[in-house]
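Have a look at the structure below before the remarks.
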Number of protein chains: 2
Amino acid sequence: METAPDLRRRQSDAYLRDCPSREILDLVANRWTALVVGALVEGPLRFCQLRRRVEGISQKVLTQNLRALERDGMVRRAVYPTTPPSVEYSLTELGEGVGRHLVALRGWVEAHLPQMHAARAAYDARAGQVEPEE
Amino acid sequence: METAPDLRRRQSDAYLRDCPSREILDLVANRWTALVVGALVEGPLRFCQLRRRVEGISQKVLTQNLRALERDGMVRRAVYPTTPPSVEYSLTELGEGVGRHLVALRGWVEAHLPQMHAARAAYDARAGQVEPEE
DNA sequence: CAGGATCCTTGTCGATACTG
DNA sequence: CAGTATCGACAAGGATCCTG
């Protein structure tokens, strides 16, 4: 670990190894994290609701992501000691900030999907010519 | 592979398995992809320049990412048959679009790093009390 | 310089089973 | 319901060598 990270180099340069942005990029650079935060943007959810919302996520990975997000101050965890117990997850101010960006990014991606698929098809067709296999 | 993906379900819902957004999220949800695109936002770069810019990336992974980005129409690859050969990578219109979002996201993250680290420290201190081990 | 082809070490994820 | 714990499978990533 870096007990005294050399933050004086270039603090706004995520391209250096010791830049703290790297660890935060890991937060976003997780296919599930983006979906979990995106789901919570629409409002607080309980564990199983979240699990159903983010289709395909395993309970283990969901727990992992929630803990990591909670650790970084993105997600608030509220336990209601009812029977059966219910735990509600919601975004903090911080989480909503990053959530806005993720939603914007997802919106952009969805709007430009056709172009990407077209580019992909063109690329594959080109590659398929020189390499007819597969 | 999906020859005929069921796009008619809910096209703007990335939470379903068969939503095409998932595959695109994979593009962004890669720690390296975000850095590569971010590097190219500032201008075209050659392979080795790119490799030096994105510190810590291996040549294999850089190639992989570039090919994937090229396939999706994000990156343009220009080969100049000089000696030694030089290959220049630049963003397409599409790539600049997603690049803007990534830069914005990174800017936000860098601006809020102190809050995240504070939250993290608080969380770790809290966890360290109940679990003095490690 | 730009990259293809290997091997091999990781971490990540999914499935299952069990607690409160 | 809301988790924790453990195991195994798989793929991403890193290191190295080699080509044009």
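Chain A is the first sequence line, chain B the second, and so forth, proteins listed ahead of strands; every chain is numbered from 1.
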Using a 4.0 Å heavy-atom cut-off, write out nucleotides 1-12 of chain D from 5' to 3' as B (base contacted by protein), S (sugar-phosphate only) or - (no contact).
-> BSSB-BB-----

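A:Q49 places a side-chain N or O within donor-acceptor distance of the main-chain N or O of A:R46, the cut-off being under 3.5 Å.
Taking five base pairs at each end of the helix from C:dC1-D:dG20 to C:dG20-D:dC1 and finding the rotation axis that steps the C1' atoms of four pairs onto the next four gives two axes whose angle is 40°, to the nearest 10°.
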Quick one: do B:I57 and B:L50 satisfy side chain to side chain contact (heavy atoms under 4.5 Å, CB included)? Show the steps, please.
-> CA-CA 9 Å; B:I57 194 172; B:L50 207 43; over 6 Å; no

Show your working on side chain to side chain contact (heavy atoms under 4.5 Å, CB included) between A:L94 and A:D72 and close with a plain yes or no.
-> CA-CA 9 Å; A:L94 218 52; A:D72 286 346; over 6 Å; no

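Take B:Q115 and apply the side chain to side chain donor-acceptor pair (under 3.5 Å) test, not counting sequence neighbours, and it matches B:H112. Listed by chain and residue number, nothing satisfies the side chain to side chain contact (heavy atoms under 4.5 Å, CB included) test with B:E93 (two or more places apart in sequence, or in another chain). In this view, B:H101 satisfies the side chain to side chain donor-acceptor pair (under 3.5 Å) rule with no residue, not counting sequence neighbours. Judged as a side chain to side chain donor-acceptor pair (under 3.5 Å), and not counting sequence neighbours, the contacts of A:R71 are B:D124.
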Side chains of residues 75-86 of chain B: which donor-acceptor pairs under 3.5 Å do they make with residues two or more places apart or in other chains?
residue : atom : partner : partner atom : Å
B:R76   : NH1  : B:S90   : OG           : 3.4
B:R77   : NE   : B:Y89   : OH           : 3.3
B:T82   : OG1  : B:P84   : O            : 2.8

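Across all their heavy atoms, A:W32 and A:N65 have their closest contact at CB-ND2, 3.8 Å.
Side-chain contact between B:Q64 and B:K60 is present, with heavy atoms from C-beta onward closer than 4.5 Å.
Along DNA chain C, the stretch of nucleotides lying under 4.0 Å from any heavy atom of chain A spans, 5' to 3', C:dC13 to C:dG20.
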